Amino acid sequence: MAAREGKDNLSEEEAAAEIARLTSEINHHDIAYHQKDAPVISDAEYDALKSRLVELELAHPELIRPDSPSLRVGAPPAEGFAKVRHRVPMLSLGNAFSEEEVADFVTRIRRFLNLPDEPVEFTSEPKIDGLSLSLRYQTGKLIGAATRGDGHEGENVTANALTIKEIPNVLPLGVPDLFEIRGEVYMRHADFDALNAAQAVEGRKIFANPRNAAAGSLRQLDPKITASRPLRFFAYAWGEVSALPADTQAGVIAVLGEWGFEINPLMRICNSVDELLAHYRAIEAERANLGYDIDGVVYKVNRLDLQERLGFRSNTPRWAIAHKFPAEQATTVLEAIEIQVGRTGALSPVARLRPVTVGGVVVSNATLHNEDYIKGIGADGNPIREGRDLREGDTVRIYRAGDVIPKVLDVDLSKRPADSVPYEFPTICPACGSPAIREPGEAVRRCTGGLTCPAQVVERLKHFVSRAAMDIDGLGAKQIESFWNLGWVKEPADIFTLEARFGPEGSEPARLAKLDGWGEKSAVNLLRAIRNSAQPELGRFIFALGIRHVGETTARLLARSYGSWAAWRAAMEAAASDENERAQLLSIDGVGTVLADSVIAFFADAHNRGALDRLLIHMNPRTAEQPDIAGSPVAGKTIVFTGTLERMSRSEAKARAESLGARVSGSVSARTDLVIAGPGAGSKLRKAAELGLEVLSEDDWIALIGG
DNA sequence: GTGCCTCGAGTTCC
DNA sequence: CTCGAGGCAC
């Protein structure tokens, strides 16, 4: 190994010692900076430590420690923005596109809160079409600004936010110690036009719309450029806070106005669906005169205690919804219908369109969902659009669903070419030629090729490395595609043997670095990221396996229920022949027969087991983290609710129990720890008595969990 | 069996 | 983002 000394001429031992020293020093400063907010060295000194570490790691990749600060999220390379984790996620809102959906939203809330008749108060305000930003104030000073990103992790744009005039750098005395304010950065029409005119004069980029201009301006690496752009900010929400200055949505927002933020003047309080809809129509009528873009109206439950009770679904709050304006439409020609094969073998038709601008974006592809959608048939077998099947050559109306996803709305039959023929959906897989079968009652036609179908295998590999699964930096769909074509990666385990294939200890220079688009640095980074991914969260790992019916949420549910990989795998393999084990799987609230059988079949398959064995040589999924259960009286217990709950709805009770670390099951068994029975409880209560289980009334339960 | 409510799997463009 | 379908309550 002497030949592999770095260009700094340090020996392996010396380099290792220095890396260890740098690591501990940087960790120390990270803590000082992030947790105590009291840096003890200058940023420049800190950066010097970091770059020395990276330099050593580049020279001695074999010495990179899995806990190296250079790998840490939030400590990125100099280019681009640092990542910031949102302590309170920045979720998106559910959407309503019709008055019925708004009425459903209100009904749902009343039902959840168990207030079928009483009015619930809502705020209603325009939905600004900009980009959301979270501003963190500590003792009244702006200490950080982050974009939404994926909702959990955004980009640190503090330096840029500081240049926006409508964002105060300091709040008045007496504000809570910690206050995260959230709102929308946007650009007014007049400012946008002036900016584009100036850009044109200078021969610079013209922005397609105010939203893009605002986004582009905020994400400038040079804050001076951001400062020169006419950005504005409306405050409308908050994230992590040490105290709240009011107990209603409208009350808190009004206080934000007193603190110096711009708040939207069109916010109103509404007491009924009719009032919400009236306000929606009023805003829609004013839309063209506002001077800035909006794309709908947002309704929120006004009382914060009710918001808290309503809580969150996996990705959206239950207490708010965005009522969207109808989407812009455009007409173009459907030039061809092509078929893509997904990881489950699903054949998905995609429309190739003559490019057309819709809502400021050029669209050339659109999803067609499935066979029936092309035929114009709905799920119930009835035509959605009588006689409106889609044919190549047709003139079609398209729109962007939610202003994002292009969709075909319908056909202009008057423009249909005389020689057009109905589209024939293929019955063999275009990727491998195997028969493509449509199960009775299903909408999707699937390739039966399984592992012999190259399209399915590649898509599964892409899924394995995808963001929500293993999330390996530098290894995305494109890289998987090229490694597959080279024959380097045929199954997940191969990802972990890439290192042996092309260095750093193999051939010199690395074979990877010779490929188009790869340099030595990116190769080293990739290998490091792969090594760094060897201990994934169990839930992510289960999701990565790509078992049918097991998505992100279910994977986490399984991880939480079984705790460790070994326990889960053993249980799933046993469940094939052990009825008790299968019953235990089915007893998990949210797991039914289809899901259970899919998982059991996955583990019964010899090829899958072999691929797992090969993969697990290289990795070790982490045992699932339990929810925050400090002081929780029900942590780790299995709970069953039965009968009618009178003080909260069943879904609310379930959500509360889970947030306290309990496992909510749908059926009573010997493994049940606690049964909460309301009036009208029947068979489950009897069974609980037979088994001698602890049974609580709803009042006891509420007392137990503390209100 | 029916009617929610959620989740999974597919998709676009930048 | 939408659609289809799984899971569960009624």
Side-chain angles (χ1 to χ4, degrees), chain A residues 92-95 97 104-105 107-108 111-112 131 207-209 211-212 215-216 219 312-316 318 322 324 327 338-353 355-373 377-380 384 398-409 438-439 441-446 456 459-460 462-463 466 468 543 546-557 586-598 640-645 649-651 654-655 664-667 680 682 684:
Chain A
S92 50
L93 298 180
N95 289 315
F97 294 96
D104 289 347
F105 166 69
T107 312
R108 213 159 46 225
R111 193 183 312 139
F112 193 100
L131 65 156
F207 294 102
N209 53 53
R211 208 189 79 83
N212 286 359
R219 298 188 69 260
F312 298 86
R313 296 204 278 254
S314 48
N315 287 313
T316 57
R318 287 197 189 84
K324 295 296 205 65
E338 285 176 17
I339 302 290
Q340 296 179 357
V341 183
R343 72 179 161 92
T344 64
L347 268 47
S348 310
V350 179
R352 303 292 173 207
L353 303 167
V356 61
T357 304
V358 200
V361 174
V362 178
V363 167
S364 45
N365 301 300
T367 172
L368 294 172
H369 292 294
N370 56 49
E371 199 167 345
D372 287 348
Y373 193 89
I377 297 173
D380 54 5
I384 317 172
I398 65 167
Y399 69 105
R400 293 205 303 148
D403 282 328
V404 182
I405 312 284
K407 296 204 57 173
V408 174
L409 183 64
R438 192 169 162 188
E439 296 292 341
E442 292 211 339
V444 179
R445 189 174 284 278
R446 287 197 156 81
Q456 284 188 53
E459 292 305 312
R460 284 163 68 146
K462 288 182 189 168
H463 171 80
S466 67
F543 174 62
I547 302 169
R548 257 245 266 165
H549 300 118
V550 180
E552 231 180 309
T553 306
T554 308
R556 270 200 299 268
L557 175 69
L586 284 164
S587 79
I588 299 170
D589 203 10
V591 176
T593 50
V594 173
L595 203 165
D597 290 340
S598 169
V640 175
F641 291 98
T642 181
T644 313
L645 301 179
S649 73
R650 182 172 291 250
S651 48
K654 183 182 163 190
V664 177
S665 171
S667 57
K684 288 186 203 171

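All chains are named by letter (A, B, ...) in the order of the sequence lines, taking the proteins before the strands, and each is independently numbered beginning at 1. The structure displayed is predicted, hence computed values, not measured ones.
Of the options A/Leu368, A/Asp372, A/Thr367, a side chain to side chain contact (heavy atoms under 4.5 Å, CB included) to A/Asn370 is made by A/Asp372 and by none of the others.
Considering only the side chain of A/Thr553, B/dC7 comes nearest among B/dA9, B/dC7, C/dG7. When the nucleotides C/dG7, B/dG10, B/dC7 are ranked by their closest atom to the side chain of A/Thr593, C/dG7 comes out on top. Comparing B/dG10, C/dG7, C/dT2 by their closest approach to the side chain of A/Lys407 singles out C/dT2. Which of C/dG7, C/dA5, B/dG10 sits closest to the side chain of A/Ala443 comes down to C/dA5.
Distance A/Tyr373 OH to C/dA5 C1': 19 Å, rounded to the nearest Å. The distance from atom NE2 of A/His369 to atom P of B/dT12 is 11 Å, rounded to the nearest whole Å. Nucleotide B/dG8 holds its C1' atom 10 Å from the NE2 atom of A/His463, rounded to whole Å. In this structure, A/Asn365 atom CG and B/dG10 atom P are separated by 17 Å, rounded to whole Å. Note: NZ (A/Lys462) to P (B/dG10) measures 12 Å, nearest angstrom. Put simply, NE2 on A/His549 is 7 Å from P on C/dG7, counting in whole angstrom units. Residue A/Asn370 contributes atom CG, which lies 8 Å from atom C1' of C/dC3 at whole-angstrom precision. The CD-C1' distance, from A/Glu442 to C/dG4, rounds to 9 Å in whole Å.
Put simply, CD on A/Gln456 and CZ on A/Arg343 are 10.5 Å apart, with the number rounded to the nearest 0.5 Å. With rounding to the nearest 0.5 Å, the separation of CD1 in A/Ile588 from OG1 in A/Thr554 is 10.0 Å. Distance check: A/Arg400 CZ to A/Lys407 NZ gives 14.0 Å after rounding to the nearest 0.5 Å.
Put simply, A/Thr367 has no side-chain N or O that comes within less than 4.0 Å of OP1 or OP2 on B/dG10. Taking side-chain N and O atoms only, A/Ser364 has a distance below 4.0 Å to OP1 or OP2 of B/dC13. An OP1 or OP2 oxygen of B/dT11 is reached within less than 4.0 angstrom by a side-chain nitrogen or oxygen of A/Gln340. Between B/dT6 and A/Arg318, a contact under 4.0 Å exists linking OP1 or OP2 to a side-chain N or O. Distances shorter than 4.0 Å separate some side-chain N or O of A/Arg343 from OP1 or OP2 on B/dA9.
In summary, the side chains of A/Arg352 and A/Asn365 do present a donor paired with an acceptor at a separation below 3.5 Å, with no hydrogens or angles considered.
Of the two residues contacting DNA chain B, namely A/Pro349 and A/Thr554, the nearest-nucleotide position lying further toward the 5' end is that of A/Thr554.
Residue-level contact check: A/Val350 touches the backbone only, with heavy atoms under 4.0 Å from sugar-phosphate atoms and none from bases.
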